Amino acid sequence: MSEVSVKRDYDPGIIESRWQRRWAESGLYKTDEDPAKPKHYALTMLPYPSGDLHVGHWYAMTPSDTRARFMRMRGYRVFFPIGFDAFGLPAENAAIKRGIHPRKWTYSNIENMRGQLRQMGTMFDFDSEVVTCEPEYYRWNQWFFLKFFEKGLAYRAEVPVDWCPNDQTTLAREQVIGPNRVCERCGTPVIRKNLRQWLFKITDYADELLDFSKIEWPERVKTLQTNWIGRSEGAEIEFDVPGYGPIEVFTTRPDTLFGATFFVMAPEHPAVEKITTPEQQAEVKSYVEKAARMSEIDRTDVTREKTGVFTGAYATNPANGESIPIYVADYVLMGYGTGAIMAVPAHDERDFEFARQYGIEIRPVIAPPDWKGGEFEEAYTGEGTMINSGRFDGTPSDEGREKVTAWLEERGKGRHAVSYRLRDWLISRQRYWGTPIPIIYCEKCGTVPVPEEDLPVLLPEDAEFTPTGESPLKLDPDFYNTTCPRCGGPATRETDTMDTFMDSSWYQYRYLSPHYDEGPFDTERGGKWLPVDQYTGGVEHAVMHLLYTRFFTKVMRDLGLVDFDEPMRRLFNQGEILGPDGNRMSKSKGNVVNPQEFVDRYGADVLRCFLMFIGPWNEGGPWDGKGIEGVARFLRRAHTLVTGGGPSGAEADPAEIERRTNRTIRKITQDIENFRFNTAIASLMEHTNYLLAVRGRVGEGEWREALRSFVLILAPFAPHHAEEMWAEMGLSYSVHLQEWPQWNEDLVAEEEITLVVQVNGRLRDRIQAPADIAEEDARELALASPKVRPHVEGKEIRKSIYVPGRLVNLVVK
RNA sequence: GCGAGAGUGGUGGAAUGGUAGACACGCUAGAUUUAGGAUCUAGUGCCCUAACCGGGCGUGCGGGUUCAAAUCCCGCCUCUCGCACCA
């Protein structure tokens, strides 16, 4: 068979779609439920149906698929589902722009992407597909909301919230990104508003969320979540303000209490107005107003000089009875602790800076080790010995923290306290395309949850959804006006919809029984598959989706729905594939790479393998399509192994073929286990090159055996090619139902090795030697080398190091 | 400022104490071809040498440990990401 006809033989357009059809017809990827096999739930993050699958989807999904296929061949029953995160803003924005309904836009995208997902050649179980904008799905969002409400985990409160002026909705704290505080979706800087909103009490689970002992997740994600939760331990201390009453502060350093020489309140603190003396009223008022006008970005700019205003009032330090001045300053934030602090300039950098500026006493109360007395040039924040602290003088500061707290507690002036940076999860959104919050407001009965049997509260199809800043559902009288389920009187519905992160917090459970209508999922089936064994997705969701879904699972456990604590046992973060210009791919930058043209030209297998080959999966990087030719060549050459000339002789060493095959099986197995797809492909290439080199010089039996193993280990990477080759070898359908080949460690070992000879650590020669050569023999061999001799002649050999099977290093002088 | 990750040929990358640059891209030469493409063969870190034989240098920079360092330790530089007045 000539090379030309071989080339025509593998036409990806024909061959790939033919196998895809056959796979679908034969139900090859229907989930294997065989209870005798160990289970493996592999999950890739729920994609948003944005229109077309872009190369980023391929990058995220196909290596996951490769690993799922591998697990299946290794004897696991594998559940590998897919679905669509179908609610959310882009649908609405597109709908507004094009004048079509968000549902229509979303479904046509889903339709489109379903076809493209099949083109990828994945083993997704499409029967388990979940579409989150379906009433049969969001009904259970509402059900969860009701359960949360019953448990006191869902509540409504007027809170300062982040508002995106572009998307015209509130955002959760996690969805405000970076120092510039921009919207996670659109990049617009957010503004502050006070609104009555629904929140989930994720803070109740803060401590448990800090415990990662039951999961194998990347350190990076665990650190991000830990920092996000921001637990700090300390004390709440009451400072009395004569004529007003006690005001509480939170501090992590109660041991420095005696050094508090002033007191600061956040401009938003509700007591500010009440404690301010008449003479200071005007100045304080103008400062507070200025702070309110200032943007969040300016307000939190750390390089800015500290500013503040004296209120005229004084607070009493409960430790020593001293009166200290109360300031209003914007470096104290209302959103953390109690919104008021005791300022200890000697031992806090910010307080130090402020005290210098306003000429306030800086009194050391913790003596640094080796301190000789004298003024502080900067705040000392480390540990030391307590001084100027009355009865506590001489106490080490770390001990002092507990002792001072206990002392305050005895006198009813303070207590041990823990503070978190984590805020409750704000779930209200003032947009149309989301899950209606199942709450009814009745004048007589107040806030009434929609009874479970009335779910789902359907999202009206014909609402006017152009954003106005108000919830669109408010403008739909048929939706808005209702009757109270309790008293039957006139009532109105909650018109906000839920954050779409609600949908993705529990979708992995719904996949198990997407049409189940007696609960969010069939718990019996859950017992057979849960929890997720291997999750893969981008790190950008570390403190959003990945925190929310852990929270959800813990609540679900407390509701008795699951009997474990963590949703996903293992997590792997793949990197992000960037545009050719090194920037994130986006339509506006015009740097989006469309996978379709590569699929058309080379086929899905080539694109899959190329994406796995370009580098370590966790690193991502800019797209550079040039190297794809190399992968195309590799698969073409691999294919010619079965179509090209067969065995015609037996000159090649059969042991060598066996050894190489075993070694490659071992390498590929270990690489897939460790997500090192790039080196796996490299060794497949190497093995292909070797097999091509010995083709025609191999006995029939060895050749077939070598090819069989090769096709099996190729199968997870290039499923179409492998299937085609398998069929061409006359083997029975399907390669994907075969068992993963075993390697034999004894057959991997080399009989002969390249012995490296160094003199004083410098490479001088390489000598072929038996693998089990003894030290003396190796040294003798080395000394006999004509390349080595000039470097050792006339010199004393002081030492020789022998690394068995690798090298000899002669140390001479 | 704090925390994490990274820095290796023209390019993507491999090697986690023992042959630096596997595997590819690209490039050069040759074969095949009317030509181009495709394919095949050989070469390809840099420098000295006409070439060979040799040799030297080389993993961001500087030092150290070791028979031996891209890899371990100390100090610095650069880039990327995250957090950032959190009391």
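The sequence lines fix the lettering, A, B, ..., with proteins before strands; numbering per chain opens at 1. Note that the coordinates shown come from a computational prediction; the quantities given were computed from them, not determined experimentally.
Taking a pair to require two hydrogen-bonding distances under 3.5 Å in either a Watson-Crick or a G-U wobble arrangement, B/U44 pairs with B/G26. Nucleotide B/G7 forms a pair with B/C77, judged by Watson-Crick or G-U wobble geometry with both contacts under 3.5 Å. Look at B/G1: its Watson-Crick or wobble partner, with both distances under 3.5 angstrom, is B/C83. Base pairing of B/A14 is not made with any nucleotide, judged by Watson-Crick or G-U wobble geometry with both donor-acceptor distances under 3.5 Å. Shown here, B/U59 forms no base pair; nothing in the strands shown gives a Watson-Crick or G-U wobble contact with both key distances under 3.5 Å. Base pairing analysis places B/A68 opposite nothing; no Watson-Crick or G-U wobble pair with both distances below 3.5 Å involves it. When Watson-Crick and G-U wobble pairs are counted only if both distances are under 3.5 Å, B/A38 pairs with no nucleotide at all.
Set against B/G18, B/G55, B/A87, the side chain of A/L807 has B/G18 as its closest nucleotide. Comparing B/C67, B/G54, B/U19 against the side chain of A/T754 picks out B/U19 as the nearest. Closest approach to the A/K799 side chain among B/U19, B/C67, B/C23 is made by B/C67 (side chain taken as heavy atoms from C-beta onward). Checked against B/C83, B/A87, B/A24, the side chain of A/R421 finds its nearest nucleotide in B/C83. In the set B/A38, B/A24, B/C85, B/A24 carries the atom at the smallest distance from any side-chain atom of A/M685.
Using a 4.0 Å heavy-atom cutoff across all strands shown, A/H347 reaches no nucleic acid atom at all. Counting non-hydrogen atoms under 4.0 angstrom, A/R231 reaches nothing in the nucleic acid. Residue-level contact check: A/Q758 touches the bases, meaning some heavy atom is under 4.0 Å from a base atom. No engagement by A/V249 is indicated, since no non-hydrogen atom pair under 4.0 Å with the nucleic acid exists. A/N689 comes within 4.0 angstrom of the backbone, heavy atoms only, and of no base. In this structure, A/N227 reaches neither bases nor backbone, as no heavy-atom distance under 4.0 Å exists between it and the strands shown. The residue A/I341 sits close to a base: some heavy atom pair falls under 4.0 Å. Among the heavy atoms of the strands lying under 4.0 Å from A/S232 are primed sugar atoms or P, OP1, OP2 only; no base atom is included. Within the nucleic acid shown, A/R798 has no heavy atom closer than 4.0 Å to any nucleic acid atom. A/V756 comes within 4.0 angstrom of a nucleotide base, judged by non-hydrogen atoms across all strands. As judged by a 4.0 angstrom heavy-atom cut-off over every strand, A/R766 is placed among the base-contacting residues.
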Worksheet, complete the sentence: B/S/- along nucleotides 9-16 of chain B (protein heavy atoms under 4.0 Å) is ---BSS--
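Going from atom CZ of A/F717 over to atom C1' of B/C23 covers 14 Å, rounded to whole Å. Straight-line distance from the CZ atom of A/R806 to the C1' atom of B/G18: 6 Å, rounded to whole Å. Distance A/E353 CD to B/A87 P: 17 Å, rounded to the nearest Å. Rounded to an integer number of Å, the gap from CG of A/N573 to C1' of B/A4 is 13 Å. Distance, A/Y336 OH to B/C83 C1': 14 Å, rounded to whole Å. In this structure, the CD atom of A/Q357 is 13 Å from the C1' atom of B/C85, given to the nearest Å. A/F610 places its CZ atom 18 Å from the P atom of B/C23, with the value rounded to the nearest Å. The nearest whole Å value for the distance from the CG atom in A/L224 to the P atom in B/A4 is 12 Å.
Taking atom P in both B/G37 and B/G30, the straight-line distance is 14 Å, to the nearest Å. Remark: the separation of the P atoms in B/A20 and B/A69 is 10 Å, to the nearest Å. B/U33 and B/C23: their P atoms are spaced 30 Å apart (whole Å). B/C83 sits 40 Å from B/U66 when the C1' atoms are compared, rounded to a whole Å. Nucleotides B/U71 and B/U65 have their C1' atoms positioned 14 Å apart, rounded to a whole Å. Nucleotides B/U49 and B/U59, compared at atom C1', are 26 Å apart to the nearest Å. As rounded to the nearest Å, B/A6 and B/C72 have P atoms that lie 10 Å from one another. Separating the C1' atom of B/A24 from that of B/G13 is a span of 8 Å, rounded to the nearest Å.
For A/R762, a side-chain nitrogen or oxygen approaches OP1 or OP2 of B/C57 to under 4.0 Å. Between A/H541 and B/G82 there is no side-chain polar atom (N or O) within less than 4.0 angstrom of OP1 or OP2. Checking the phosphate oxygens (OP1, OP2) of B/G26, no side-chain nitrogen or oxygen of A/K626 falls inside 4.0 Å. For B/G3, neither phosphate oxygen OP1 nor OP2 lies less than 4.0 angstrom from any side-chain nitrogen or oxygen of A/R220. Within the 4.0 Å cut-off from OP1 or OP2 of B/U39, at least one side-chain nitrogen or oxygen of A/R633 is found.
If you find the closest nucleotide of RNA chain B to A/L692 and to A/T223, the one lying nearer the 5' end belongs to A/T223. Summary of the strand contacts: A/F250 and A/V803 both lie near RNA chain B, and taking for each the nucleotide with the nearest heavy atom, the more 5' one is attributed to A/V803.
Aromatic pair A/F239/A/F263: ring centres closer than 6.0 Å. If you look at A/W425 and A/Y548, their ring centroids are closer than 6.0 Å. Taking the ring centroids of A/F354 and A/Y331, they lie under the 6.0 Å cut-off. Between A/W58 and A/F598, the distance separating the two ring centers is not shorter than 6.0 angstrom. Taking the six-membered ring where the residue is Trp, the centroids of A/H347 and A/F376 are separated by under 6.0 Å.
Not counting sequence neighbours, the partners of A/Y336 by the side chain to side chain contact (heavy atoms under 4.5 Å, CB included) test are A/S232, A/F250, A/S419.
A donor atom on one side chain and an acceptor atom on the other are found under 3.5 Å apart for A/D207 and A/Y420.
Electrostatic pairing of A/E238 and A/R415 counts as a salt bridge here, judged by a charged N lying under 4.0 Å from a carboxylate O. Remark: A/R779 engages A/E775 in a salt bridge, criterion side-chain N to carboxylate O under 4.0 Å.
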Item to complete: May I have the step-by-step check of side-chain hydrogen bond (donor to acceptor under 3.5 Å, both in side chains) for A/T381 and A/E349, ending in yes or no?
Response: CA-CA 8 Å; A/T381 56; A/E349 281 160 32; 4.5 Å; no
Discussion item. Determine whether A/D162 and A/R181 satisfy the following criterion, salt bridge (charged side-chain N to carboxylate O under 4.0 Å, His left out), listing intermediate values before the conclusion.
Written reply: CA-CA 9 Å; A/D162 297 300; A/R181 300 188 49 77; 2.6 Å; yes
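In this entry the base of B/G9 is syn relative to its sugar, with a glycosidic angle within 90° of 0.
Counting only heavy atoms from C-beta outward, the side chains of A/V539 and A/R220 approach each other to under 4.5 Å.
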